[in-house]
Structures are given as structure tokens and as C-alpha cells.
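Okay, structure first, notes after.
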Amino acid sequence: MRRAATLQVIRPVRDYIDTLVHPSAQGDALAAARHRAFIGPRVIGSSAALALLPGYLAVRGVPSALELEIFAWLLAPILAAHFLSRTGRYESAHLISSLALTGLITVVAAHTGGVTSFAAVWLVIVPLEAALSASRPVVAAGSTLSLFAAGVLVLCGRAGLLPDAAPPEQAHAALAALGIISASLYASGLALGAQSLMRKSFWMLYAEEDRYRLLARNMMDVITRHGRNGIVLFASPAAESLFGATAADLLGHGLFDRVHVADRPAYLTALADAGEEGRSAEFRVRRDGVQPGIAAGSRFIWIEMRCRPLDPAIGEGEPTGEREVVAVMRDISERKAQEHALEDSRAEAERANVAKGRFLATMSHELRTPLNAIIGFSEMLMNEGQIRLDAERRREYAELINESGTHLLAVVNGILDMTKLDAGDFEIRPEPFRLAGVIDGCCDLLALKAREAGLDLAVEIAPELPEIVADKRALKQILINLLSNAIKFTDRGGRIKVSAVAEETTIAITVADSGIGIGEDDLPRIGRPFFQARGTYDRRHDGTGLGLSIVKGLVALHGGEVTIRSQVGEGTIVMVRLPVDCEQAGACATTATITPLASGETGAAASNVVTVVRKSA
């Protein structure tokens with residue numbers, strides 16, 4: 001209860017003092033505390049002393065001139081506090097207060113015996129009061145005023161300009177006692193003010209350090225301080241989560257040893273060239289897997305470091321002279337991965353653009369040749385009366401026109417099928433059927449073409465081949481494309497072999513030839529739309545480059561995979577694996593891979609194998 005009552009009395013006074021703090025100091029807790037420490041004692045003390053003046057006069061009677069001067073001086077602290085409240089000039093307010101206090105002490109001492117007066121001891125308080133300003137100029141000014149006043153009192157005393165001091169038991173006894181008591185109280189007030197400011201400064205410093213510790217422990221970026229040659233003098237606790245190593249492990253050359261060897265020049269250059277505008281660098285740092293959730297071992301992560309010179313520490317007078325740098329580091333591995341992905345996409349787009357240009361050149365060749373034949377032979381038929389064509393010649397020209405039209409239709413159908421596959425509009429209609437009949441039919445369809453090219457076409461189908469559920473039309477298109485490519489790229493006297501065997505849940509169909517083969521550089525790109533190995537519009541082998549792309553898309557719709565083994569001059573083996581039931585098979589997506597051909601492999605020899613497709617139907 002007593003404490004609550006005391007707080008009710010103190011709170012309004014404290015709130016009133018807070019309103020007197022200048023606005024320029026309200027944003028700074030320490031500056032506001034100094035303003036309150038200056039204004040509070042002066043306003044409260046002087047007001048209390050002035051409030052006691054009527055009582056003192058009632059007891060004392062008519063005051064002397066000296067007493068009137070002392071009571072008049074009580075207005076000086078209030079005026080100094082008002083000056084600070086209005087202007088916010090803290091040091092100037094302290095100078096005014098020191099000047100007023102020195103003047104009062106000098107006047108009182110001059111009337112009570114000079115330097116031997118009881119009031120002279122107050123001169124010691126002047127520099128002590130100035131010390132509360134925490135300003136060297138103010139302390140120097142207060143000390144100078146105190147010494148100057150003491151010197152004036154000594155000189156005036158020796159010159160006989162001051163009255164003799166009266167014994168304490170006489171007229172000035174009460175004034176002497178009051179002076180000593182007031183000096184003690186004033187000094188106590190100064191001590192309490194100094195203690196309050198020191199305590200406030202301590203807690204503010206502790207709170208500031210606590211905030212910095214909280215920030216350093218919870219921020220994801222690592223803050224480091226570097227000395228000569230880039231050695232680490234300090235590292236924040238975030239280093240443990242970023243580098244997988246304690247901050248102590250990074251001190252000295254610990255961080256440098258973890259930087260990738262190729263990136264160490266960039267790391268050291270950034271630290272050496274850090275100027276007022278700062279410097280940044282990106283490099284790789286080894287991250288140790290010692291933290292929970294980090295795989296065992298080490299891996300390199302990309303780090304962005306921004307650094308700038310640290311202000312030189314001003315010690316007792318002179319700076320240390322050693323240049324230091326402060327750096328902030330963060331993990332940018334994800335951004336780097338996105339940049340690489342973007343670069344890969346840009347390169348892929350450029351390759352697609354090149355393939356499109358090649359395709360346009362190829363298509364101009366593929367379309368122009370049959371169109372010229374159609375137009376030329378049709379014009380000859382239109383003018384048969386003039387050139388007198390016989391029936392056999394007309395029939396030959398009609399067959400050539402039909403072959404050219406069929407070729408054009410095949411080219412257009414290939415483009416349309418590829419467009420549908422890319423757009424996802426190509427639909428398959430699975431049905432059960434015997435695979436052997438489809439393979440035999442496709443081989444019979446192209447047998448004449450193979451004989452005309454001087455090729456040996458062999459078919460080898462396992463007798464236990466089960467019934468397959470797939471799109472018969474799509475499967476025919478797959479086989480015809482593969483056989484057409486084998487015939488097209490196999491020289492006269494070569495051999496083509498078609499085989500089919502049953503595996504656990506799939507059926508493997510293989511088309512092997514002894515043709516020209518595919519180069520090692522071209523093999524990974526086989527199956528891309530419009531891509532042709534060694535393809536140019538004036539090449540020896542015709543085609544649009546869509547055959548394997550269509551095969552790839554149709555097999556993907558069935559949930560199967562295509563594997564190509566090839567070597568230049570030795571031939572090519574294309575293996576298509578299809579699930580026995582494509583409606584129930586679950587296909588998984590994988591990326592293209594290249595592996596060596598297993599030793600002992602028979603058929604057309606090859607040195608590489610590329611998995612073209614295996615993705616969801």
C-alpha cells in the first residue's frame with residue numbers, strides 16, 4: 001500500500017519530467033536519460049527550495065543581501081533546465097549550469113571570507129557536475145571556471161578587497177551550516193545522477209549486446225571479420241548451419257581451406273579489393289556433413305560474399321593500423337541451380353532452333369523432289385498428243401506420279417503424327433492381337449523394297465510369344481519406321497534381322513542392321529524431332545528425321561522403352577520393349593543415359609547404348 005501510494009506521487013512527477021525532454025533526444029534512450037538526469041534534479045530541487053522560502057523568511061526574518069542573492073540563484077537551475085528543454089543543446093545547458101554555480105560560489109565566498117570560506121569547498125563540485133555531461137569540452141570548461149574562481153578569491157583576499165570572515169558562532173553560523181548541508185546534498189544528487197546514468201548505460205549496453213547475440217544466432221547469413229591475408233578473426237554462429245562446421249573451425253585459414261581451389265583467387269581478390277562501395281564475389285565452399293539432416297561426407301555449395309572495410313578501431317588515441325574487412329555470406333546454391341537450368345533451357349532452345357532450320361531445309365528437299373516429279377510427268381501426260389506417248393510410257397509416268405504422291409502423303413502424315421504426339425492429342429486404341437502376324441505383315445510390306453536395295457531381310461520370332469494388348473496401327477507404324485530406317489541406311493549386300501522374344505512382363509522387338517551406324521556424338525540426340533545424324537539437305541539418304549521421334553512417342557504412349565546400340569561402320573540395333581498389356585502397365589519417367597555395350601553382344605556391333613525414352617503412357 002505504501003509503495004503504491006509512493007508510486008502514485010512519483011509517477012506524475014516523472015511523467016512531467018518526460019514531457020520536458022527535447023524531441024531530438026526522445027528517440028535515443030541514453031540521450032533521453034541524460035536529459036531527464038539534468039532537468040529533474042534542477043527543476044524539483046529549485047522548486048522545493050523556493051517553496052520553503054516563505055517558511056525560512058518567517059523564521060529568519062528580514063533576509064540579508066547575501067541570502068537574497070542565494071535565493072535568486074535558485075532560478076538559475078530552472079532556467080538552465082528550460083533552455084535544455086527548448087533547444088536540446090545538452091552541452092550548452094551544462095555550461096550554463098556550471099557558470100551559474102561558479103558565480104554563486106564566488107559571490108558567497110567573497111562575502112564570507114574568500115578562499116577560506118565554507119562556500120569555497122563548492123568549487124570542487126563544479127567539475128564534478130560538468131562530468132555528468134560526458135563531454136570533455138564541458139568538463140574542461142567547468143574545471144577552468146572552478147580554478148579561475150579560486151584564483152580570483154585568492155588574489156582578492158591578498159589585496160584586502162574582501163571582508164574578514166566572521167566567526168561561525170556569529171552572524172554567518174547558520175549560513176555556514178546551510179552551505180555545508182546543501183553542498184553535501186548537492187554532491188549526493190550528483191552521485192545519484194551519475195549512478196543512474198551508469199546503470200542506464202549498462203542495461204542499454206547489455207540489451208544491445210543481447211539483441212546482437214539474438215540476431216547473430218538466428219540469422220541465416222554468416223558474418224565474418226577478416227584480418228591480414230584474409231584470415232578469419234570472427235565468424236557468427238550461423239556458420240555451423242551453413243558450412244557444417246563450428247565457427248571456431250573457420251578461424252584463421254579454416255574458411256580459406258574450405259573454398260574450392262578454382263575459386264580461391266576470387267575469394268582473396270574480393271577481400272583485398274573491398275572498398276568503401278563494397279565488393280562481392282561468388283565461389284564454392286565445401287560443406288561438411290556433420291549436422292543432423294546433412295548426408296555424411298562433403299559437398300560444395302555456392303556462396304555469395306559481400307564485403308567492405310571495417311572502420312579502424314580507435315583505441316586510446318591511435319588506430320591499430322591493420323586493415324580489416326567485414327563480410328556477409330549466404331547460400332546461393334538454389335539460385336545457381338536455377339541459373340544453370342535456365343542456361344540449359346536456353347541451349348536447348350537454341351538447339352531446337354537449329355533443328356527447326358535443318359528441318360525446313362530438309363523438308364524443302366523432301367517436298368520439292370516429288371512435287372517436281374508430279375508436275376513434270378503430269379505435264380507430259382497432258383501433252384501426250386504432241387510427244388506421242390505409248391500406253392506403256394503413260395503407265396510408267398502414272399506410277400511415278402503415284403509414288404511421288406504416296407511419298408508426299410507419308411511426309412505429311414509423319415509431320416501430323418509428330419504434332420499430335422507433341423501436343424498429347426494422339427490417342428491409342430489397345431486391342432488384343434498376335435504380334436507374330438503384325439511383324440510378318442510389316443516385313444512382307446517392305447520385303448520388295450529390301451530386295452531392290454540388295455539387302456537380306458530375316459525374321460526370327462519366338463514360338464512362345466504371347467498375345468499382346470496394344471494399338472495395332474501404332475505398332476505397325478513403329479515397325480515400318482524402324483524397318484524403313486534400316487533399309488535406308490544399309491548399303492547393298494547388307495543384312496537386316498527382325499526378332500521378337502517374350503520377357504517377364506514385356507515383349508522385346510529388335511531390328512538389327514549392318515548399315516552405316518550412328519556416330520558417338522549423334523547417338524545421345526537420336527529421337528529428337530527433326531534430328532538426323534550427319535543430316536544436311538544435300539545428304540545421300542532422304543528423310544525428314546521424324547521416324548525415330550514418332551517411334552519414341554508411340555512407344556511412350558504404350559509405357560515402353562526404346563534402346564539403341566550403334567557404332568559407325570558396324571551397324572545399329574534398335575530394341576523396343578512393350579508391356580504385354582499396355583492398359584495395366586505402369587510406366588515410370590527416366591532420362592536418357594549412355595552406357596558401354598556389354599561384351600559378348602552379338603548382332604550388329606556397337607560401342608554405346610542410349611535409352612531414348614521410358615515415360616508415362
Side-chain angles (χ1 to χ4, degrees), residues 205-344:
L205 179 61
Y206 181 82
E208 190 72 12
E209 290 179 348
D210 189 58
R211 283 195 293 270
Y212 279 117
R213 282 193 294 268
L214 180 66
L215 181 64
R217 288 173 181 170
N218 292 279
M219 71 182 303
M220 299 302 296
D221 295 347
V222 176
I223 301 175
T224 54
R225 184 164 59 94
H226 301 261
R228 183 179 302 171
N229 298 328
I231 62 172
V232 178
L233 305 176
F234 165 81
S236 63
E240 192 164 356
S241 60
L242 183 60
F243 300 117
T246 62
D249 294 335
L250 303 181
L251 299 181
H253 294 286
L255 177 58
F256 176 80
D257 294 338
R258 284 174 167 77
V259 176
H260 195 280
V261 175
D263 297 336
R264 288 178 181 177
Y267 166 76
L268 293 176
T269 301
L271 292 175
D273 296 345
E276 293 299 328
E277 299 299 326
R279 179 73 182 270
S280 63
E282 296 177 356
F283 50 86
R284 290 160 291 180
V285 177
R286 187 181 73 250
R287 180 177 186 176
D288 298 331
V290 298
Q291 295 296 309
I294 301 178
S298 302
R299 66 183 181 92
F300 283 94
I301 60 174
W302 278 97
I303 295 295
E304 179 188 44
M305 180 179 72
R306 296 180 179 273
C307 50
R308 62 184 306 154
L310 187 67
D311 291 338
I314 304 294
E316 274 135 20
E318 298 297 327
T320 60
E322 182 177 346
R323 183 177 181 272
E324 295 184 359
V325 175
V326 62
V328 179
M329 288 176 275
R330 65 178 54 184
D331 187 356
I332 59 169
S333 299
E334 184 176 352
R335 193 189 79 191
K336 279 292 184 180
Q338 293 175 351
E339 289 177 358
H340 291 158
L342 183 61
E343 185 63 29
D344 292 342

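In this chain, numbering begins with 1 at the start of the sequence shown. These values consider heavy atoms only, across backbone and side chains, with no hydrogens, waters or symmetry-generated copies.
- Cation-pi geometry between Arg264 and Phe256 is met: the NZ or CZ atom falls under 6.0 Å from the ring centre, inside 45° of the normal.
- Within the model, atoms CD of Glu339 and CH2 of Trp302 stand 9.0 Å from one another, a figure rounded to the nearest 0.5 Å.
- Although no hydrogens or angles enter the test, the distance criterion places no donor-acceptor pair under 3.5 Å between the side chain of Asp288 and the main chain of Ala245.
- Going from atom CG of Leu250 over to atom CG of Asp257 covers 10.0 Å, rounded to the nearest 0.5 Å.
- Interatomic distance, Asp221 CG to Glu304 CD, rounded to the nearest 0.5 Å: 9.0 Å.
- Arg306 and Ser280 make their closest contact through CG-CB, 4.0 Å (heavy atoms, listed as atom of the first residue, atom of the second, distance).
- Residues meeting the side chain to side chain donor-acceptor pair (under 3.5 Å) test with Thr246, sequence neighbours left out: Asp249.
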Inset, instruction - Please assess Ile303 against Val259 for the test side-chain contact (heavy atoms from CB on, under 4.5 Å), listing each intermediate value before the final yes or no. - result: CA-CA 10 Å; Ile303 295 295; Val259 176; over 6 Å; no
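- The two residues Leu271 and Val325 make their nearest non-hydrogen contact at O-CG2, 3.7 Å.
- Smallest separation of non-hydrogen atoms from Ala274 and Pro309: O-CD, 3.7 Å.
- In this structure, CG in Leu342 is found 12.5 Å from CZ in Arg335, a value given to the nearest 0.5 Å.
- Residue Leu255 holds its CG atom at 10.5 Å from CZ of Arg286, rounded to the nearest 0.5 Å.
- What you find for Ala238 and Ser241 is that their closest heavy atoms are O-OG, 3.0 Å.
- The two residues Ala270 and Ala281 have their closest heavy-atom pair at CB-CB, 3.6 Å.
- When every heavy atom of Met305 is checked against every heavy atom of Phe283, the shortest pair comes out as CB-CE2, 3.7 Å.
- To the nearest 0.5 Å, the span separating CZ on Arg287 from OG on Ser333 amounts to 8.0 Å.
- Residue-environment remark: CZ (Arg225) exceeds the threshold of 12 foreign heavy atoms within 6.0 Å.
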